[in-house]
Amino acid sequence: MKKIILTILILLTTNIYLFSQDKKASSMYFGALTGTKINDFNNHFALDVDPLLYSFSIGAGAAWTKNNYVVGFDFLYSAAQNDNSEGEIQYVGFSNTLSLGYNVSKSKIWKIEPNLGVVINNNQLIVQNKNNTIFQNLVNNQLSGNIGLNVKAVGNNGLFTGLKIGYIIPFSGETEWENKVDGTASGLKDNVGSFYVQLNLGGLLNLNNEK
């Protein structure tokens, strides 16, 4: 598995370098991201609070394109909270994604880009009751894969509006939460994979030097 991950990272990094060196017929996207991410954890924490969490997500990204190939990088912050009469569960997530995609559209306006990527996926949960007598601070950070689809409509001025959907899949499957303070195992396991939907707004910069 480590060899596969290393190979993917080398291939993606090599493509980014080649795109940046060869500016003919190439361009760059820059955009802001906002949307939602869905995590459905097991109901096994210290309080009986529903751990199905719909996070508000915000971030930014960039991508190099050459011909129909797209190499992108984006980062995302996500947060969610559920509560009831017993207490609350809070979620905070950070993800950094490096992806390789291909535009299957022949339209000059529409860009339809299926993509695969590698994600550094960090997850934190805080569980506490109303009286602060019960408290859990847990982390579960995983290297994951990403299967996604980006759809963009690019105007004549280079501005675009897009939609990103996909799923983050941990390479290790179901993994154990650790106590954040001392790094000890909690005995609680979850699949920290998540489905996401994001609005992507930004601009396209043409790097072609030919007049």
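Just so it is clear, the structure is predicted and the values come from calculations on it, not from any experiment.
Atom CD of Gln90 is separated from atom CD of Gln128 by 6.0 Å, given to the nearest 0.5 angstrom. If you take NZ on Lys180 and OG on Ser186, they are separated by 14.0 Å, rounding to the nearest 0.5 Å. Ser85 OG to Asn129 CG: the interatomic distance, rounded to the nearest 0.5 Å, is 11.0 Å. Between the CG atom of Leu47 and the CG atom of Asp83 there is a distance of 11.0 Å, given to the nearest 0.5 Å. Atom CG of Asn67 sits about 9.0 Å away from atom OG of Ser26, to the nearest 0.5 Å. The distance from the OG1 atom of Thr97 to the NZ atom of Lys164 is 7.0 Å, given to the nearest 0.5 Å.
A side-chain N or O of Ser57 and one of Ser78 form a donor-acceptor pair less than 3.5 Å apart. Side-chain polar atoms of Asn82 and Glu88 form no donor-acceptor pair below 3.5 angstrom.
Using a distance-only test at 3.5 Å, with no hydrogens or angles considered, no donor-acceptor pair links the side chain of Asn96 to the main chain of Val119. Using modelled atom types, no side-chain atom of Glu178 and backbone atom of Val139 make a donor-acceptor pair closer than 3.5 Å. With Asn84 contributing its side chain and Glu86 its backbone, the two residues share a donor-acceptor pair below 3.5 Å. No donor-acceptor distance shorter than 3.5 angstrom exists from the side chain of Asn132 to the backbone of Phe135, with no hydrogens or angles considered.
For the pair Leu138 and Asn179, the minimum side-chain heavy-atom distance is below 4.5 Å. Between Leu53 and Gln81, every side-chain heavy-atom pair lies at or beyond the 4.5 Å cut-off. Using a 4.5 Å heavy-atom cutoff, the side chains of Gln198 and Thr36 are not in contact. Residues Asn121 and Val192 form a side-chain contact, since some pair of their non-hydrogen atoms from C-beta on lies under 4.5 Å apart. Taking the side chain as every heavy atom from C-beta outward, Trp177 and Asp190 approach each other to under 4.5 Å. Using a 4.5 Å heavy-atom cutoff, the side chains of Asn200 and Thr161 are not in contact. Taking 4.5 Å as the limit, some side-chain heavy atom of Tyr29 sits within range of a side-chain heavy atom of Lys152. In this structure, the side chains of Ser194 and Ile168 come closer than 4.5 Å at one or more pairs of heavy atoms.
Taking a 6.0 Å sphere around CG of Asn156, one finds it holds 12 or fewer heavy atoms contributed by other residues, nucleotides or ligands. When the shell of 6.0 Å around CD1 of Ile109 is examined, it contains 12 or fewer heavy atoms from other residues, nucleotides or ligands. Tyr54 OH: 12 or fewer foreign heavy atoms inside a 6.0 Å radius.
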For residues 140-149, please give each side-chain donor-acceptor pair under 3.5 Å, one per line with the distance, not counting sequence neighbours.
| unit_1 | atom_1 | unit_2 | atom_2 | d |
| --- | --- | --- | --- | --- |
| Asn140 | OD1 | Gln142 | NE2 | 2.9 |
| Asn140 | OD1 | Thr175 | OG1 | 3.0 |
| Asn140 | ND2 | Thr175 | O | 3.2 |
| Asn140 | ND2 | Thr175 | OG1 | 3.2 |
| Asn141 | OD1 | Asn123 | N | 3.1 |
| Gln142 | NE2 | Thr175 | OG1 | 3.3 |
| Asn146 | OD1 | Tyr196 | OH | 2.8 |
| Asn146 | ND2 | Asn115 | OD1 | 3.4 |
| Asn146 | ND2 | Tyr196 | OH | 3.3 |

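The salt bridge (Lys or Arg N to Asp or Glu O under 4.0 Å) contacts involving residues 116-131 comprise nothing, where partners must be two or more places apart or lie in separate chains.
Aromatic ring pairs are classed by plane angle as parallel below 30°, tilted from 30° to 60° and perpendicular above 60°; the pair Tyr91 and Phe41 is tilted.
Placement of Leu199 and Ile165 in two distinct hydrophobic clusters is found when ILVMFWY residues are connected by side-chain heavy-atom separations under 4.5 Å, directly or transitively. By the rule that hydrophobic residues join a cluster once side-chain heavy atoms approach within less than 4.5 Å of another member, Phe30 and Leu33 end up as members of separate clusters. Residues Leu201 and Val154 do not share a hydrophobic cluster, clusters being chains of Ile/Leu/Val/Met/Phe/Trp/Tyr side chains in contact below 4.5 Å.
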Report task. Give the C-alpha distance, both sets of side-chain angles, the deciding distance and a yes or no for side-chain contact (heavy atoms from CB on, under 4.5 Å) between Leu163 and Val197. Result -> CA-CA 7 Å; Leu163 184 69; Val197 180; 3.9 Å; yes

Report task. Check the pair Asp50 / Asn43 against side-chain hydrogen bond (donor to acceptor under 3.5 Å, both in side chains), numbers first and verdict last. Result -> CA-CA 7 Å; Asp50 187 2; Asn43 194 355; 5.8 Å; no

Requested in this report: Output, in order, the C-alpha distance, side-chain angles, deciding distance and verdict of side-chain hydrogen bond (donor to acceptor under 3.5 Å, both in side chains) for Thr184 and Asp182.
Outcome: CA-CA 6 Å; Thr184 58; Asp182 57 15; 2.8 Å; yes

Query raised in the report: Going through the checks in order, is the side-chain contact (heavy atoms from CB on, under 4.5 Å) test met by Leu188 and Asn42?
Result: CA-CA 9 Å; Leu188 308 174; Asn42 295 319; over 6 Å; no

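Smallest separation of non-hydrogen atoms from Asp74 and Gly61: CB-CA, 3.6 Å. Contact detail for Gly193 and Asn39: the closest heavy-atom pair is O-ND2, 3.5 Å. For Val70 against Ala63, the heavy-atom pair with the smallest separation is CG1-CB, 3.8 Å.
You'll find the ring centres of Tyr69 and Tyr102 inside the 6.0 Å limit.
In the hydrophobic clustering, where aliphatic and aromatic side chains (Ile, Leu, Val, Met, Phe, Trp, Tyr) are joined below 4.5 Å either directly or transitively, Phe56 groups with Ile58, Tyr77, Val92, Phe94.
Within the cation-pi definition used here (under 6.0 Å to the ring centroid, within 45° of the axis), Lys111 does not qualify as a partner of Phe160.
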